Amino acid sequence: MASPALAPVSDATTADTPALTLDGVSLAYVADGRRVTAVEGVTLDIRRGERLVLLGPSGCGKSSLLRSIGGFLPPSAGRVLLDGRPVSRPGPDRMMVLQDFDQLLPWQTVRRNLISALAWARGTRRAEAEAVADDMLRRVGLARVADQYPHTLSGGMKQRAAIARALVLRPAVLLMDEPFAALDAMTRRRMQEELLALCEETGVTTVFVTHAIDEAIVIGSRIVVMTAHPGRVRAVIDLPCGRGPDRGDPAFAALEARIGGLIADQIGDPGTEATHGRPEAEATDGRPAAEATDG
Ligand SMILES: Nc1ncnc2c1ncn2[C@@H]1O[C@H](COP(=O)(O)OP(=O)(O)OP(=O)(O)O)[C@@H](O)[C@H]1O
């Protein structure tokens, strides 16, 4: 159960409204006079509090989809709805955390970065902003370095600070684009566990982009596997109890292998992808949708 002080600020008219809806979303770029379709016809309802992972090979449009949810890239077809209302621009209700270590203002201390964000985006008064920022920095284990400047922090600390700055605004949706990809393996695993705990504590709806299958299983409550190019929904895997199996559990390796198969079987031949032109399929027991629908 999310702590009320950290709960996302929501404009939902009813609790049943999905936090986020992707309704037939296609995304296109024009490069050198040529139109490139990056994402085609993605339809998904993202439930409140869920951790949806977008997984797929490089270039399948994961980041483009995230940017579109963020309001940075308008769909060429379809709609993105937040709390049932169309997204038309970026806003503090959708905070983004990137892979880049330098996401904070370098001329402000870590603490000041959070306080400024609260004042600017939420109009929070100074004393309240200080208290909220200090509380968040304690939760992410950065109280000790609150008065340091970002360049003095390790990569893991910088990512924790970026997550803290995003969460302190109590966004409806936290958008994460491979936030741990540049960290060493040990720090990455620790950060994955910490993120899980923070998501549960805050109840924030999270959309997490990765191309690492193991990371998708650890982070996600639902995993969307995308086709190579253009990005379409290949399969949707709902993890039982909202969590993947523990690392080390044979079920973890089995799921990893199944998802690996789903990705591999369409990289070489995306034109024959099984769900083209059909509504997305859903597996409810951790099986890939291809198995659930074909058998
Ligand atoms: N600004 C742009 N202009 C033109 N084409 C672009 C632009 N940004 C992305 N693309 C193209 O859109 C497609 C999807 O790119 P995107 O970065 O969304 O994929 P991705 O799955 O996030 O890849 P990666 O895992 O490598 O980050 C690719 O073919 C890419 O070349």
Side-chain angles (χ1 to χ4, degrees), residues 20 22-44 46 51-80 87 89-90 94-103 155 159 162 166 173-183 185 188 191-192 195 206-220 222-237 256 259-273 275-276 280 288-289:
L20 199 61
L22 306 181
D23 177 18
V25 171
S26 297
L27 302 170
Y29 297 96
V30 176
D32 300 328
R34 247 178 13 100
R35 187 183 158 91
V36 177
T37 301
V39 169
E40 196 166 71
V42 170
T43 293
L44 287 167
I46 300 163
R51 301 179 309 280
L52 187 96
V53 174
L54 297 174
L55 177 70
S58 181
C60 75
K62 305 179 294 294
S63 299
S64 299
L65 214 40
L66 210 65
R67 284 203 294 274
S68 188
I69 297 169
F72 299 100
L73 179 63
S76 53
R79 300 178 306 166
V80 177
V87 162
R89 65 176 81 90
R94 283 147 294 137
M95 290 302 292
M96 182 120 44
V97 178
L98 308 169
Q99 181 177 338
D100 186 359
F101 284 162
D102 297 313
Q103 298 175 66
Q159 294 312 82
V173 185
L174 178 64
L175 303 171
M176 307 195 86
D177 195 352
E178 306 209 41
F180 309 142
L183 298 172
R188 186 172 183 163
M191 296 288 295
Q192 290 166 351
L195 177 68
T206 303
V207 184
F208 189 103
V209 162
T210 185
H211 59 258
I213 300 173
D214 65 327
E215 183 165 71
I217 298 172
V218 171
I219 297 286
R222 199 152 55 120
I223 301 173
V224 174
V225 181
M226 294 177 68
T227 62
H229 187 72
R232 301 183 179 101
V233 174
R234 171 72 174 85
V236 182
I237 300 168
E256 211 173 10
I259 296 174
L262 274 175
I263 294 174
D265 80 0
Q266 46 82 36
I267 289 177
D269 189 9
T272 59
E273 193 281 306
T275 57
H276 279 190
E280 94 200 38

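Keep in mind it's a predicted model, so treat the numbers as computed, not measured. In listed order, ligands and their atoms are each counted from 1.
In this structure, Ile213 CD1 and Ile259 CD1 are separated by 6.5 Å, a value rounded to the nearest 0.5 Å. Interatomic distance, Ile219 CD1 to Asp214 CG, rounded to the nearest 0.5 Å: 10.0 Å. Within the model, atoms CD of Gln192 and CD of Glu215 stand 4.5 Å from one another, a figure rounded to the nearest 0.5 Å.
Among the candidates Leu54, Leu174, Leu65, Val224, the single residue satisfying the side-chain contact (heavy atoms from CB on, under 4.5 Å) test with Val207 is Leu54.
Nearest heavy atom pair, residue Leu98 against residue Gln159, reads O-NE2, 2.9 Å.
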Give every pair formed by an N or O atom of ligand 1 and a protein N or O atom closer than 3.5 Å, one pair per line with both atom names and the distance to 0.1 Å, or write none.
| residue | atom | partner | partner atom | Å |
| --- | --- | --- | --- | --- |
| ligand 1 | 18 (O) | Ser64 | N | 2.9 |
| ligand 1 | 18 (O) | Ser64 | OG | 2.5 |
| ligand 1 | 19 (O) | Gly61 | N | 3.1 |
| ligand 1 | 21 (O) | Gly59 | N | 3.4 |
| ligand 1 | 21 (O) | Cys60 | N | 3.1 |
| ligand 1 | 21 (O) | Gly61 | N | 3.0 |
| ligand 1 | 21 (O) | Lys62 | N | 3.1 |
| ligand 1 | 21 (O) | Lys62 | NZ | 2.9 |
| ligand 1 | 22 (O) | Ser63 | N | 2.9 |
| ligand 1 | 22 (O) | Ser63 | OG | 2.8 |
| ligand 1 | 23 (O) | Gly59 | N | 2.8 |
| ligand 1 | 25 (O) | Lys62 | NZ | 2.8 |
| ligand 1 | 26 (O) | Ser58 | OG | 2.6 |

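Here Pro75 pairs with Val25, Leu27, Ser68, Val80 under the side-chain contact (heavy atoms from CB on, under 4.5 Å) rule; sequence neighbours left out.
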